[in-house]
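One structure below.
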Amino acid sequence: MLLIDCPFCGKRPELEFRYAGEAHIARPADPSGLGDEAWGRFLYGRGNPRGMHAERWRHLNGCGRFFNALRDTTDDRFAATYKIGEERPMVAEPQGARKA
Amino acid sequence: MQKFSALALLRHAFGGHEGWRPQWRSPEPKGTYDVVIVGGGGHGLATAYYLAKEFGISNVAVLEKGWIGGGNTGRNTTIIRSNYLFDESVALYDHAVKLWEALSQALNYNVMFSQRGVIMLAHNVHDQQSLKRHIHANRLNGVDNEWLTASDAKAFCPPLNIENSMRYPVIGAALQRRGGVARHDAVAWGYARAADALGVDIVENCAVTAIRRGVNGALEGIETTRGTIETRKVGVVTAGNTSTVMAMADLRMPLESYPLQALVSEPVKPIFPCVVMSNTIHAYISQSDKGELVIGAGTDAYVSYTQRGGLHVPMHTLEAICELFPIFRRLRMLRNWGGIVDVTPDRSPIIGKTPVPGLYVNCGWGTGGFKATPGSGHLFAWTLAKDEPHPINAPFRLDRFRDGYLIDEAAAAAVAH
Ligand SMILES: Cc1cc2nc3c(=O)[nH]c(=O)nc-3n(C[C@H](O)[C@H](O)[C@H](O)COP(=O)(O)OP(=O)(O)OC[C@H]3O[C@@H](n4cnc5c(N)ncnc54)[C@H](O)[C@@H]3O)c2cc1C
Ligand SMILES: [Zn+2]
């Protein structure tokens, strides 16, 4: 089970949280001006990287708040957690990342 | 190809069983192929087999970064059924069930396909309505699926607990009698052996590292850990690693890769006659011919490539198993593992062309693609050979996510396997 560092409450077990998908996918500024291709990409396209992944979590059974995290999908270790609205922190890409 | 038969067994017995040869060659990759299949799981190997067998294209390589069948093919709980909700899905999965029925003969390899029946339990009114809707939809499509009362279900599967004292009592079940299980490794090996005999090169320990494209954007070849290969057609069949491979051609896929776990118990004498699934309390169970109970758990919550996952996920499943089958409470679990499954937004696969000319993809089978192995291989081979989809896989195109033609088995509550 993952130990997740909520930026508001500190380290808590994974069971208190709900995973909420890839982070930093911005809603289109002008939805009615968007073509099918771009809508499809926004709704369904995902980076799904083998390596550092920016993702949203919600501390559902705690403070209830959403936040972002960087986690290496090759070993599930968190590199950082940070509040919504904050910039994605700079962290080194893990060794061997993105290799198939 | 050395033919397997009772006579061959007898003949080799006289030689002390020393005369058996390896079942497929281990060739060096050539510099060019007509078609390259990336990924030596069941789907990739089946694709190569049907390319050679049905479409006469045998200058084909299957490139596998590890060993064949070492991905989800060798990690799954082998449940086979075709009682999905939508017409498109039923056509797809039942195409596979029909091929399963003749597969051991076709490959001269015993894949141990056993149509012992799959029952899916209902624990509440919603389950009952949903399962009955599936039953009616299936019957309209000519696919068998029938309703069982709780006591019918117990008669079909005696270890099942149908007491009312359970937290989520069993109120009925859907049964597909043509469903069942097969031996996963044998499926990979059987296809590998038969494809090899038709001239296909199966190259293990060979990872694809880059996709080369010409000035017009069309595919020209690939880079691998064992050298460059020129080819005009590549079929990517890499399950959980599909996003990474497709990123080599700058494509962003509608896929997320999650760990899915399974476990087996210590072996016991034959006690479990069928397959039982419960989507609501999340447990899947059958018994292998070795005697182990094969138990499927759920996916972990987050994307990952680790091929493991949290222990709380299988624990949750074991709680459900102990409630449904109190007789197994004191059994010990022997092994637990994970595979990385490629999940699409509508939980239906993608089989077809991509925006890159010459690049084809077969992915998104997620938690439930083993059952489709023969059909998937056959339809993908058709698509590669004719450069257009077979009518059965036409709806499962990649650009349905642009056009909004989802095949939403996720919403239809057929959640897994
Ligand atoms: C625990 C678990 C239980 C499951 N239970 C069921 C079930 O009961 N019923 C069911 O129908 N389905 C089930 N599934 C799903 C099923 O296993 C898969 O959908 C199916 O096996 C996928 O087959 P495949 O050949 O596409 O993938 P795989 O067998 O995973 O093959 C893909 C191959 O591609 C290779 N590869 C990846 N990247 C590269 C590269 N860059 N270069 C070369 N090769 C590469 C991998 O090494 C791998 O061998 C389960 C899956 C899991 C993990
Ligand atoms: Zn919190």
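Convention: sequence-line order gives letters A, B, ...; per-chain numbering from 1. Source: prediction; values computed, not measured.
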Of B:T238, B:V237, B:L251, B:I350, the residue whose pairing with B:V361 passes side chain to side chain contact (heavy atoms under 4.5 Å, CB included): B:I350
When rounded to the nearest 0.5 angstrom, what distance separates OG in B:S243 from CD1 in B:I340? 12.0 Å
I want to check something: taking the side chain as every heavy atom from C-beta on, are A:V91 and A:M52 in contact at a cut-off of under 4.5 Å? yes
Applying a strict 4.5 Å limit to non-hydrogen atoms, the region of B:L406 in contact with chain A is side chain
What part of A:L2 is in contact with chain B, defined as an atom under 4.5 angstrom from a non-hydrogen atom: side chain, backbone, both or neither? side chain
Candidate list B:T225, B:V245, B:I222, test side chain to side chain contact (heavy atoms under 4.5 Å, CB included), partner B:T209, passing option: B:T225
For B:M315, I'd like to know if atom CE has over 12 heavy atoms of other residues, nucleotides or ligands within 6.0 Å. no
Are there residues of residues 10-18 of chain A that reach to under 4.5 Å of chain B by heavy atoms, and which ones? A:E14, A:L15
Pair B:D399 + B:R402: basic N to acidic O under 4.0 Å: yes
Do NZ/NE/NH1/NH2 and the carboxylate oxygens of A:R71 and A:E55 come within less than 4.0 Å? yes
Residues of residues 21-28 of chain A with any heavy atom under 4.5 Å of a heavy atom in chain B: A:E22, A:I25
Lys/Arg-Asp/Glu bridge criterion (N-O < 4.0 Å) met for A:D76, B:R308: no
Salt bridge between B:R397 and B:D403, side-chain N to carboxylate O under 4.0 Å? yes
To the closest 0.5 Å, what do you measure between CG (A:N68) and CH2 (A:W57)? 12.5 Å
